[in-house]
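Worksheet: one structure, shown below.
Please read these numbers as outputs of a predicted model, since none were measured by experiment. Lettering of chains follows the sequences in order, A, B, ..., and the numbering in each one begins at 1.
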Amino acid sequence: MIDLKYLQKNFDEAVDKLQKKGVKNDTLEELKLLFASLKDANSLYESTKAEQNQLSKLFGSYKREGKDTTELKAKVDSLKEEISLLQDRAREAEAALNDLALTIPNFPSDKVPEGADENDNVEISKVLEPKKFDFEPKEHWELAQQNGWIDFERGVKLAKSRFSVLRGDAARLERALINFFLETNRSKGFEELCVPFLNNSSMLQGTGQLPKFEDDLFKIEDENLYLIPTAEVPLTNIYNDEILTAKELPILMTGYTPCFRREAGSAGRDTRGMIRQHQFDKVEMVAISHPDSSDDIFDMMVQNASDILSALELPHRVVELCGGDLGFSAARTIDLEVWLPGQNQYREISSVSTTGDFQARRAKIRFKDGKKNRFVHTLNGSALAVGRTLIAIMENYQREDGTIGIPKVLERYM
RNA sequence: CGGGAGAUGUCGGAGCGGUUGAACGUGCCGGUCUUGAAAACCGGUGUAGGGGAACCUACCGGGGGUUCGAAUCCCCCUCUCCCGGCCA
């Protein structure tokens, strides 16, 4: 949730910022109007209500003193009707404002470059040189088939398209990766959590998936529950509606969860192979931080994800997302893209974002700064997407005969 | 899924329908005392919105109702706990 007071006071600046994210002026204009009309409706209701409260108090003392109350009662009765009307109006104004405000994306940070889409993202660095193959490297699905690692057909049979089954060494490798990631994150100070894979609507609103992106989620019929699209949802919302002490910050958390996505808008994209599935494993980092230290934590999280890729000896590049490519909740995002020799391109394997206080406002996560309560900053990032790491290992560690090597750091986990 | 109990501030736990935003304890902050700490004692401490301020409004799980007035009475929902069934 953006800061509506800020919007009101610095309207032009806010419009400017949100244009980077493709929000229309009209929407913000409307938001400003709704905010003003809520204030009006509220103060009118509150002052009238104050009057009624006064009279009701008076009524009490009249009764005690044995005075006649019929005149007083008549007065209050006439107020009551007016109040209920004013209250309805105030509530409507609040609901209208709230509905619209929840659909406004976060302000991009000043560091975010201008740009319309992923083509305008800025490469910051490349880490490790892609290895030269003296044969034509295969794509992961070929290797998967050859090694009996991934059973796409039976995944589809069990569920539907975009589901798959890992078998044998692939399943073991998946498990090894999860352990390796969790252990690495833990050694960097992240507490490991094991959380529910179903979260209720209020949590999904807290992190920004709802109300706008309901179509991207799997919902449980007859229950107010959704399969989580990322561990960011449960990990961030661990502190939903809580007030932390400054001493506790920063809180660094990591967790492994499967992630579930409808992929509603991506028909036809990455249909082959395991790049884009309805269910995939991911190890996530989440930080709840003091506003002053979130920039440093952001850098640390990017570095951590990159270090993990380096430890696996996987070539990758670091990319700063431009305004047009930023997600709804993000103020700033850096993607790590791993080199896939079979596809001959870099593909996203980790995405680290800071949301500033955007999610904290929605999820009401605050901390005591002296006497005052302030919103924390929340950050999240993958370290790493497990399925895509598996693919990267397959393509980067393939040998001419189609067999696949295992990264050294994983040996002790297999 | 069946039977019983409950939901109040950081936590524990009071609360005749009006001076209760909420006793008391605890926690936290400040002070006295102490070589230091503990203990003891004194003071301060909920959240959100509005207003320059005094102050006003809302909140005792959520929603509705009764009433001049509801944490307190009535109805619905949700959740939690205990007993039983089922079950990893």
Nucleotide forming a Watson-Crick or wobble pair with C73(B), both distances under 3.5 Å:
G65(B)
OP1 or OP2 of U57(B) less than 4.0 angstrom from a side-chain nitrogen or oxygen of Asn42(A), does that happen here?
no
Examine G69(B): is either OP1 or OP2 under 4.0 Å from a nitrogen or oxygen in the side chain of Gln52(A)? Give yes or no.
yes
Would you indicate what Asn373(A) reaches in the nucleic acid, counting non-hydrogen atoms under 4.0 angstrom: base, sugar-phosphate, or nothing?
sugar-phosphate
Could you tell me which nucleotide pairs with U32(B) by Watson-Crick or G-U wobble geometry, both distances under 3.5 Å, or answer none if nothing does?
A40(B)
Phosphate OP1/OP2 of G64(B) contacted by Arg91(A) side-chain N/O (<4.0 Å):
yes
When both hydrogen-bonding distances must be under 3.5 Å and the geometry is Watson-Crick or G-U wobble, what is U45(B) paired with, if anything?
G27(B)
Is Asp270(A) salt-bridged to Arg347(A), cutoff N-O under 4.0 Å?
yes
Quick one: Leu38(A) CG to A48(B) C1', roughly how many Å, whole number?
13 Å
Provide the closest heavy-atom pair for Leu321(A) versus Val112(A) in the form atom of the first, atom of the second, distance.
O-CG1, 3.7 Å
Report the distance from atom NZ of Lys75(A) to atom P of G69(B), rounded to the nearest whole Å.
16 Å
Taking the side chain of Lys49(A) as its heavy atoms from C-beta onward, which of U47(B), G51(B), U57(B) lies nearest to it?
U57(B)
Find the distance Glu65(A):CD to G18(B):P and express it as a whole number of Å.
17 Å
With a 4.0 Å cut-off on heavy atoms, is Lys368(A) in touch with a base, just the backbone sugar-phosphate, or nothing at all?
sugar-phosphate
Measure CD1/Ile243(A) against C1'/U47(B) and give the value in whole Å, please.
6 Å
Would you please confirm or rule out a distance under 4.0 Å between OP1 or OP2 of G69(B) and any side-chain N or O of Lys80(A)?
yes
Salt-bridged, Glu46(A) to Lys49(A), with N to O below 4.0 Å?
no
Relative to the ring of Tyr256(A), is the ring of Phe197(A) parallel (under 30°), tilted (30 to 60°) or perpendicular (over 60°)?
perpendicular
Write down the partner of G52(B) under the Watson-Crick or G-U wobble criteria, each distance required to be under 3.5 Å.
none
Atom-to-atom span, CG of Asp77(A) to C1' of G69(B) - whole angstrom:
12 Å
Under 3.5 Å for both donor-acceptor distances, Watson-Crick or wobble: does U20(B) have a partner, and if so which one?
none
If you measure only the distance, is there a donor-acceptor pair under 3.5 Å linking the side chains of Gln343(A) and Gln345(A)?
yes
Starting at atom CG of Leu244(A), determine the distance to atom P of C28(B), rounded to an integer number of angstrom.
17 Å
Assign Lys5(A) to base, sugar-phosphate, or nothing according to its heavy-atom contacts below 4.0 angstrom with the strands shown.
sugar-phosphate
